Amino acid sequence: MIRSEQERVRLESLAQLRQLGIDPYPAPAYPVDAHAAPLAAAFEEGKEVCMAGRILSRRIMGKASFAELQDSTGRIQIYLNRDELCPGEDKTLYNTVFKKLLDRGDIVGIKGTTFTTQTGESSVLVTELTVLSKSIRPLPSVKTDEEGKVHDAFTDPELRYRMRYVDLVVNPAVKRTFEARSKVIQAMRESFTERGWLEVDTPVLQPIPGGAAARPFITHHNALDIPLYLRIANELYLKRLIVGGFDGVFEFSRNFRNEGMDRTHNPEFTILELYVAYQDYHWMMETVEELLARACRAVHGNTKATLAGRDIDFTPPYKRVTMRDAILEHTGVDIDGMDEFGLREACARLDIEVEDAMGKGKLIDEIFGECCEHHYVQPTFITDYPVEMSPLTKAHRDNPEYTERFELFINGTEVANAYSELNDPIDQRARFEDQVRLAERGDDEAMFIDQDFLRALEYGMPPTSGVGIGVDRLVMMLTDQTSIQEVLLFPQMRPEVFRSGPDLGALEALGIPAEWAPHVAAAGFDTPESVREAKPAALREKLNGFRKKNKLDLPALQIEEVETWTGA
RNA sequence: CACCCCCUAGCUCAGCUGGUUAGAGCAUCUCACUUUUAAUGAGAGGGUCCUGGGUUCGAGCCCCAGGGGGGUGACCA
């Protein structure tokens, strides 16, 4: 493995620590009794503390040094004085271990006393120093100046996502985003369990990918010799549980959809699904309002958030607009009573591209998506979707052309989707059959018929309202992020290609001495074939040039020696 | 999948019209320094210019192909 200069220095320091009898990766637990942020917040001088964390910076001034120690809560300055740390004759711990062998990024434990420096910085005077973990790779050197401006920030998205561990260490705001994510989920879970609803787990591997319109990932079960799908939704399973007699069930469901990736889509994402018996979608709107307000308070302490420079107000109630009115307002088109032909004409007038496979529902969805969606910045419920685009939703109580469904839009993005659930088994069967006809027309996202689900409905499901909330997107809204990758710890990326090191053993098999083999490889001859094909004179010249340039402590090569390698 | 942009030291980035030995700040190493905080001062080392071809007397720069990433569109939540 080829190491950078800085890595080689650190490996050498590691070896020297061992020579001094210091285990750079000790086994015993370290008895931490204080953390940086709470300590600084309620600072009192003269307190004995035992802390552990990562050294983020060092300022060495001869016999005294300052360093920043970062733990899970934040950073605190530590002060190391040679004679405080090493009161006896032996100053090795300070002079050699701290000053020479430790680096930025190393994890240490310290015991000491709190005090305030001349410049007023809350600090810890270190009296004991323990190496807890030596780091081999240098961290990016992010610095913040007096005005709070960040210099040399670690910003490359590729590196940040691939090495999230580094991102979290050097970019504190990233850590706060994921703490906020956890708070949002916790607030939702508490709100449900307080009301007696049950958190459940349903299958991720499904024989029929149901409950949504999307392309699934497919896999295969060997023992059963059947295809299985990673779930695109868990809706149909949760409804089976309502049939079974639970009043309220919910699941934070990791769903998988084999579709495009962009700043609002990741192949796997998290939806909170909640189903509550004997309720309808009006009740659900109020429930969602309260839920989002609570989630916002959990993150911000109030119901206001900022997103991409715009204030978003999560204070209930939210505006409610029917889909018909939304389209009427933004396009002048009244979809009420319009047939497929009329809709196609309207799309043509509005310059919206459509495909032959699209039915009424998809056409209306296109118009809304193109002309209306982006207008809804503040949380807004769009209600009463056309029946064709909602095969699992109860028909509207006043007009069977529409359904009792709403979606919640924030900042022009769909965040939640909810229905008065269709519980009429005859109607549900007919709706599935409509989907089959769409599939026959070429709609590859039309739903499959789930016979077992229909059987469950035939046993009787109480009137139920259900909602799915896009957790990743909600977290984006609440943490001022415009990319889903910023709220997923490990967003999906193409696998990284690790350049495998040269096969030094194969080179040595040609007769190349072990001490020369890595240099031969580094000079560009990293396979036996490349050595054998080389002209001995040219190879010798190149390697001796390499030797000189890199000041290798090896005798210059003779032509006879090189000829034995190439077999010439 | 289409179009546009990016890939240079550990990190952030310069690098002109193709022209000497590819630069800067931070980081690293050596020395000095007992209250600093983007510590300071002096000195030094560090490069597969993403990869592979091509054009050229000469390529980090131009051309072709490939890889990775970002943005926009399409699809979707």
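Being a predicted model, the structure only gives us computed values, none of them experimental. Below, chain A is the first sequence line, B the second, and so on; all start at residue 1.
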Say whether, by atom type as modelled, one donor and one acceptor occur between the side chain of A/Arg231 and the main chain of A/Thr202 under 3.5 angstrom.
-> yes

Considering only atom C1', compute the distance from B/U56 to B/C64 and round it to an integer number of Å.
-> 16 Å

Assign A/Phe115 to base, sugar-phosphate, or nothing according to its heavy-atom contacts below 4.0 angstrom with the strands shown.
-> base

Start at the 5' end of RNA chain B and walk down; is the nucleotide closest to A/Val9 or to A/Arg263 reached first?
-> A/Val9

Validation row: A/Tyr318, A/Gln378 side chains within 4.5 angstrom (heavy atoms) = no

Given B/G68, is OP1 or OP2 found less than 4.0 Å from the side-chain N or O atoms of A/Arg494?
-> yes

Could you pull out the closest heavy-atom pair between A/Pro267 and A/Gln492, with the gap in Å?
-> CD-CB, 3.7 Å

Do the numbers put A/Arg405 on top of the ring of A/Tyr385, so that NZ or CZ is under 6.0 Å from the six-membered ring centre and no more than 45° off the axis?
-> yes

Checking B/G68, B/G70, B/A77 against the side chain of A/Arg162 (C-beta onward), the nearest is B/G68

Nucleotide nearest A/Ala64 (side chain, heavy atoms from C-beta), chosen from B/A77, B/C29, B/U34 = B/U34

Tell me what A/Asn266 touches on the nucleic acid: a base, only sugar-phosphate, or nothing, going by heavy atoms under 4.0 Å.
-> base

Rounded P spacing from B/G70 to B/A32 in Å = 47 Å

Interatomic distance where CZ belongs to A/Arg215 and C1' belongs to B/A77 [whole Å] | 14 Å

Distance below 4.0 Å between A/Lys362 side-chain N/O and B/C75 OP1 or OP2 = no

Bracket string, RNA chain B, 5' to 3' - pairs by Watson-Crick or G-U geometry under 3.5 Å, | interstrand | (((((((..((((.....[...)))).(((((.......))))).....(((((..]....))))))))))))....

Identify whether any heavy atom of A/Thr264 sits under 4.0 Å from a base atom; if not, whether one sits that close to sugar-phosphate; answer base, sugar-phosphate or nothing.
-> base

Cationic N near anionic O, under 4.0 Å, A/Glu235 to A/Lys239 | yes

What does A/Lys99 touch in the nucleic acid at a heavy-atom separation under 4.0 angstrom: a base, only the sugar-phosphate, or nothing?
-> nothing

Separation of B/G68 C1' from A/Arg160 CZ (nearest whole Å) = 17 Å

How is A/Arg82 classified with respect to the nucleic acid when contacts are heavy atoms under 4.0 Å: base, sugar-phosphate, or nothing?
-> nothing

Specify the separation, in whole Å, of atom CG of A/Leu56 and atom P of B/C26.
-> 19 Å

Close side-chain approach of A/Thr114 and A/Phe43, heavy atoms under 4.5 Å = yes

A/Ile484 has its side chain closest, among B/U34, B/A77, B/G69, to B/A77

Presence of donor-acceptor pair under 3.5 Å, side chain of A/Glu121 and base of B/U35 | no

Could you give the distance separating B/A9 and B/G46 at their P atoms, to the nearest angstrom?
-> 15 Å

Would you say a side-chain N or O of A/Arg59 is under 4.0 Å from OP1 or OP2 of B/A39?
-> yes

Please tell me which of the listed nucleotides, B/C26, B/C31, B/A77, lies nearest to the side chain of A/Lys143?
-> B/C26

Taking the P atom of each, how far is B/G25 from B/A14, in whole Å?
-> 16 Å

Base, sugar-phosphate alone, or nothing: which one does A/Thr117 contact when heavy atoms must sit under 4.0 Å apart?
-> base

Flag the pair A/Asp71 and A/Arg54 as a salt bridge only when some basic side-chain nitrogen lies within less than 4.0 angstrom of an acidic carboxylate oxygen.
-> no

What nucleotide, of B/U36, B/C75, B/G70, holds the atom closest to the side chain of A/Gln77?
-> B/U36

What integer distance in Å separates A/Glu12:CD from B/U28:C1'?
-> 14 Å

A/Thr264 side chain near A/Ile484 side chain, heavy-atom distance below 4.5 Å | no

Options B/U35, B/C75, B/U36, nucleotide nearest the side-chain atoms of A/Gln118 | B/U35

Got a sec: does the CZ of A/Arg137 have more than 12 other heavy atoms crowding it under 6.0 Å?
-> no

In whole angstrom, give the distance that lies between atom CG of A/Asp262 and atom P of B/A2.
-> 17 Å

Provide the full list of salt bridge (Lys or Arg N to Asp or Glu O under 4.0 Å) pairs with a residue in residues 162-175 of chain A, sequence neighbours left out, each pair given once.
-> A/Glu158-A/Arg162, A/Arg160-A/Asp167, A/Arg164-A/Asp167

Taking the C1' atom of each, how far is B/G60 from B/G73, in whole Å?
-> 32 Å

B/G69 and B/C26, which share atom name P, separated by this distance in whole Å | 33 Å

Which value, in whole Å, describes the distance between the P atoms of nucleotides B/C29 and B/A39?
-> 15 Å

When you check every protein heavy atom under 4.0 Å of nucleotides 3-14 of chain B, what one-letter string (B, S, -) results, 5' to 3'?
-> -------BSB--

Taken to the nearest whole Å, CD/A/Glu373 to P/B/A74 is 11 Å

Residues in side-chain hydrogen bond (donor to acceptor under 3.5 Å, both in side chains) contact with A/Gln19, at least two apart in sequence or another chain | none

Length of the line joining A/His151:NE2 and B/A24:C1', which is rounded to integer Å | 15 Å

For atom C1', what is the distance between B/A42 and B/U17, given to the nearest Å?
-> 40 Å

Answer with base, sugar-phosphate or nothing: what part of the nucleic acid does A/Ile60 contact at a heavy-atom distance below 4.0 Å?
-> base

What residues form a side-chain hydrogen bond (donor to acceptor under 3.5 Å, both in side chains) with A/Ser65, not counting sequence neighbours?
-> A/Tyr94

Side chain of A/Arg104 (C-beta onward), nearest among B/A27, B/G68, B/U35 = B/A27

Have a look at A/Gln485 and say if it touches a base, only the backbone sugar-phosphate, or nothing, with a 4.0 Å heavy-atom cut-off.
-> sugar-phosphate

Among all residues two or more places apart in sequence or in another chain, which pass the side-chain hydrogen bond (donor to acceptor under 3.5 Å, both in side chains) test with A/Thr92?
-> A/Asp90

How long is the line joining CZ of A/Phe66 and C1' of B/U40, in whole Å?
-> 14 Å

